[in-house]
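By convention in this document, chain letters (A, B, ...) are assigned in the order of the sequence lines, proteins followed by strands, and residues within each chain are numbered from 1.
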Protein chains: 2
Amino acid sequence: MSDPDGERTPVPQRAVDRIKAMIAGGQVGPGERLPTERDLSAQLGVSRSSMREAIRALTTLGVLESRHGAGVYVTALRPADLLETFSVLAEVSQGRTLLEVLQVRRMLEPAATALAAAHASDEDLDRIGALLNRMEGGPDTVCTDTATADLGFHQTIVASTGNATLAAIHDGLSSHTFNARVWAGHREAGLTAKLREDHQRIHEALVARDPDAARAAATVHVLRVERWLSADLAVTGN
Amino acid sequence: MSDPDGERTPVPQRAVDRIKAMIAGGQVGPGERLPTERDLSAQLGVSRSSMREAIRALTTLGVLESRHGAGVYVTALRPADLLETFSVLAEVSQGRTLLEVLQVRRMLEPAATALAAAHASDEDLDRIGALLNRMEGGPDTVCTDTATADLGFHQTIVASTGNATLAAIHDGLSSHTFNARVWAGHREAGLTAKLREDHQRIHEALVARDPDAARAAATVHVLRVERWLSADLAVTGN
DNA sequence: AGCGTGTAGTGGTCCGACCACTTTTGCATG
DNA sequence: CATGCAAAAGTGGTCGGACCACTACACGCT
């Protein structure tokens with residue numbers, strides 16, 4: 001299967017594989033520095049241009065990090081590093097895909113909120129409460145600010161589950177632009193009050209450390225957003 | 001008002017933004033062809049090398065696709081295109097992160113399997129059944145083959161929910177290398193028979209179009225894998 | 001000993017040439 | 001006139017070298 005020659009595969013791709021192998025093989029660990037671009041290109045027998053393309057690819061994947069004048073480093077390889085590219089989905093998605101994203105969140109968010117009810121620290125709960133207050137800050141609050149607080153509210157909850165991978169995926173699924181659009185729509189539809197109730201109910205369940213109540217509250221919340229978006233797409237013609 | 005140019009941002013990054021803007025602005029739609037690398041570089045006032053790095057970045061993100069001798073094209077921008085990079089996570093993850101991945105799958109897989117029980121077509125069920133048989137193909141079956149069939153089994157189930165975004169995320173969470181490792185471990189632990197029961201139970205629930213049974217069966221399955229991995233990590237010292 | 005400054009080394013950018021592949025053109029053939 | 005194949009034009013792929021911008025470290029000055 002491994003095709004020793006493999007001359008048919010593009011040069012930068014081979015370089016990418018070699019670097020990946022270096023990391024997987026433990027020759028370079030997270031946070032460590034790689035040989036210089038010039039050394040690497042000579043070592044793998046490719047031009048520096050191709051090597052740079054390979055490095056660029058691994059950089060966009062969140063595996064490597066280039067520091068001008070210093071060198072190329074392996075990232076910490078934390079889930080958040082590798083899933084940063086994820087947000088592109090929520091950014092460019094439209095219509096049907098947006099509904100699919102929300103459907104996935106409906107699977108994740110209740111379970112995550114329930115987990116948070118069991119795992120969240122007191123500091124987490126404080127921060128969540130603070131964000132809740134910020135969302136309710138009078139009717140003159142700028143829409144953008146409300147959306148930001150909403151985003152932070154849910155992200156903090158998911159982060160307090162202690163599962164970094166889950167948090168990274170969830171963050172990718174709820175981009176800023178996505179949430180802003182939903183909030184703008186909700187304001188029109190006059191559902192702001194309902195969402196406020198949802199958030200308060202979620203917060204109460206977390207403070208009470210009641211996983212079941214938290215799961216139920218989160219389910220109600222996501223379902224409400226999903227139903228509105230579904231109706232909205234039907235009108236605007238997805 | 002400070003720095004209208006923004007000359008401080010790296011050149012390829014600026015090129016990436018410009019191309020993104022071209023897509024977002026509708027100047028080039030999904031599947032359409034971009035100007036040649038030479039034209040683009042002249043048009044944006046950057047060198048062809050930098051333009052190539054920008055294209056390479058967008059290619060790894062799944063937004064663009066280069067065809068040797070033909071040109072550079074915008075992908076269909078489907079979720080599967082944009083989430084292909086996702087699999088890197090499951091590839092390089094180790095220890096703790098592996099458990100986190102499994103925990104996320106425990107949230108997604110039951111809900112997805114339940115959805116599949118309601119939405120799967122007869123053809124889907126046939127394919128799932130075929131893969132189930134392939135997994136049970138006698139004791140002389142190569143381990144790699146069993147792992148592949150297992151992977152296909154779950155992927156086909158998730159794909160039959162009709163939610164392409166969900167399918168793409170799930171695929172990223174269950175890479176081939178990851179599953180192969182788990183299967184190798186299971187063979188040692190002699191849990192193969194148990195897994196077979198799990199799979200059969202899931203299949204039966206799908207054929208019966210029973211969402212609740214499907215959800216329960218999937219939960220049991222993922223939980224079993226998760227428990228084994230947890231114990232294994234404790235031994236090998238994560 | 002402390003602190004700038006200079007210098008070597010690194011990634012960043014550009015250029016121009018050539019190679020490999022694909023598509024189109026156009027000529028020769030039936 | 002239709003057909004098929006070969007030549008040519010166009011495109012991405014790769015290479016090598018040159019120079020710029022930045023960082024880090026060591027040297028020398030105070």
Side-chain angles (χ1 to χ4, degrees), chain A residues 3 5-20 22-23 27-76 81, chain B residues 2-3 5-20 22-23 27-28 30-76 81:
Chain A
D3 225 311
D5 298 353
E7 278 296 350
R8 286 303 169 189
T9 63
V11 174
Q13 182 55 47
R14 267 178 358 225
V16 165
D17 293 338
R18 292 287 295 267
I19 295 179
K20 270 190 190 172
M22 287 175 66
I23 297 175
Q27 300 179 246
V28 285
E32 284 185 28
R33 197 190 126 170
L34 272 72
T36 72
E37 293 182 349
R38 291 165 176 89
D39 285 352
L40 272 177
S41 57
Q43 182 178 331
L44 302 191
V46 305
S47 76
R48 199 188 154 202
S49 315
S50 300
M51 180 55 63
R52 274 190 63 78
E53 284 196 29
I55 292 175
R56 165 74 58 179
L58 288 170
T59 295
T60 62
L61 284 178
V63 175
L64 297 184
E65 179 187 2
S66 268
R67 301 181 202 166
H68 192 171
V72 181
Y73 292 78
V74 181
T75 68
D81 298 323
Chain B
S2 58
D3 242 310
D5 297 356
E7 280 294 352
R8 286 304 171 187
T9 63
V11 174
Q13 182 56 47
R14 268 179 358 228
V16 165
D17 292 338
R18 293 286 294 269
I19 296 179
K20 270 189 188 172
M22 287 176 65
I23 298 175
Q27 300 179 248
V28 284
E32 286 184 26
R33 195 189 128 171
L34 271 72
T36 70
E37 292 183 350
R38 292 167 175 87
D39 286 351
L40 272 177
S41 57
Q43 182 177 331
L44 302 190
V46 306
S47 76
R48 197 186 157 204
S49 315
S50 300
M51 179 55 62
R52 274 189 64 79
E53 284 196 29
I55 292 175
R56 167 71 60 178
L58 288 170
T59 295
T60 59
L61 284 179
V63 175
L64 296 183
E65 179 187 2
S66 268
R67 302 181 201 166
H68 192 172
V72 181
Y73 293 77
V74 180
T75 68
D81 298 323

Closest non-hydrogen atom pair, G29(A) against V74(A): O-CB, 3.6 Å

Covered region of DNA chain D, 5' end to 3' end, by chain B [heavy atoms, under 4.0 Å]: dG10(D) to dC22(D)

All side chain to side chain donor-acceptor pair (under 3.5 Å) counterparts of T60(B), not counting sequence neighbours: T60(A)

Which residue lies more 5' along DNA chain D, comparing G69(A) with R38(A) via nearest heavy atoms: R38(A)

Atom pair distance, as rounded to whole Å: CZ in R33(B) and P in dT22(C): 14 Å

Heavy-atom neighbours of R18(A) CZ exceed 12 at 6.0 Å: no

Interface residues of residues 40-56 of chain A with DNA chain C (non-hydrogen, below 4.0 angstrom): R48(A), R52(A)

All side chain to side chain donor-acceptor pair (under 3.5 Å) counterparts of R52(B), not counting sequence neighbours: E53(A), E37(B)

Side chain to side chain donor-acceptor pair (under 3.5 Å) against Q43(B), all qualifying residues, sequence neighbours excluded: none

Pairwise side-chain contact, L44(B) with M51(B), heavy-atom cut-off 4.5 Å (strictly under): yes

Distance-minimising heavy-atom pair for S50(A) and P12(A): O-CB, 3.9 Å

What side-chain donor-acceptor pairs closer than 3.5 Å can you find for residues 62-73 of chain A, not counting sequence neighbours?
none

